[in-house]
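Worksheet: the structure to be examined is printed underneath.
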Amino acid sequence: MARHNRNGSGADQCGFAYQVSYQPDWLRHVKVTRVLQTGRQSTKALFRNPAGRRESTPGERVRTRIVSPDQGLDFEVAVTDMKGAVSSVRVACMVENDKGEKEEVEFTLESELRSPVG
């Protein structure tokens with residue numbers, strides 16, 4: 001049986017804080033990708049599930065919510081995956097940077113937690 005979502009947190013390359021609500025038996029980690037002021041693209045692990053293994057099978061529908069009050073960002077992704085085939089989801093968001101300009105930030109939600117020991 002699927003378990004209730006858990007809460008975690010992290011920070012990106014620019015120091016913005018995030019809260020992550022995640023399904024503990026599906027989400028392995030969240031990566032955030034930004035284009036830095038130097039023009040370089042940077043990817044950082046925003047959050048890692050502290051449990052290295054799943055305790056039970058994820059439900060057919062998993063939800064992940066990511067919130068960053070400093071950036072006015074609040075979105076939730078819900079995936080209905082009857083056969084457990086989805087291994088990652090990418091979400092691109094437009095946020096305002098410290099100069100007041102719009103920029104794209106991409107989040108990659110990856111699953112593939114190891115099966116329970118036993």
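Side chains are part of it too, since the values below use all heavy atoms of this structure and drop only hydrogens, waters and symmetry mates.
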Any chance you could measure S21, atom OG, to I66, atom CD1, to the nearest 0.5 Å? 10.0 Å

Measure the CD-CZ distance between E103 and R34 for me, rounded to the nearest 0.5 Å. 4.5 Å

What is the minimum heavy-atom distance between G8 and Y22, and which atoms define it? N-CE2, 4.0 Å

Determine whether V67 and L73 make a side-chain contact, defined as any pair of heavy atoms from C-beta on separated by less than 4.5 Å. no

Does some side-chain heavy atom of R90 sit less than 4.5 Å from a side-chain heavy atom of E106? yes

Using side-chain heavy atoms (C-beta onward) and a distance below 4.5 Å, is Q23 in contact with P58? yes

Do E55 and D25 have side chains that approach each other closer than 4.5 Å (heavy atoms only, starting at C-beta)? yes

Give a yes or no on whether the ring-centroid distance for F107 and F47 is below 6.0 angstrom. no

Shortest non-hydrogen contact between A17 and S68, atoms and distance: O-OG, 3.0 Å

Hey, could you give me the OG/CG distance between S9 and L46, rounded to the nearest 0.5 Å? 9.0 Å

Salt bridge flag under 4.0 Å for residues D12 and K44: no

Once you round to the nearest 0.5 Å, how far does CG of N7 lie from CD of Q19? 8.5 Å

Distance check, rounded to the nearest 0.5 Å: W26 atom CH2 versus T57 atom OG1? 15.0 Å

Would you please test Q41 and L36 for side-chain contact (heavy atoms from CB on, under 4.5 Å) and show each step? CA-CA 6 Å; Q41 180 175 306; L36 302 176; over 6 Å; no

Would you mind reporting whether V20 and T64 have side-chain heavy atoms less than 4.5 Å apart? yes

Does the side chain of D81 come within less than 4.5 Å of E60's, by heavy atoms? no

Between the side chains of S87 and S111, does any donor sit under 3.5 Å from an acceptor? no

Quick check: is V32 connected to V35 through a chain of hydrophobic side chains (ILVMFWY, heavy atoms under 4.5 Å apart)? no

Can you find a heavy atom in the side chain of S88 that is under 4.5 Å from one in the side chain of V86? no

Test V95 against K102 for side-chain contact (heavy atoms from CB on, under 4.5 Å), laying out the working first. CA-CA 5 Å; V95 297; K102 292 283 186 181; over 6 Å; no

Over 12 non-hydrogen atoms of neighbours within 6.0 angstrom of CE in M82: no

Is it the case that atom CZ in R65 sees more than 12 heavy atoms from other parts of the structure closer than 6.0 Å? no

Going by heavy atoms in the side chains, are T108 and V89 under 4.5 Å from each other? no

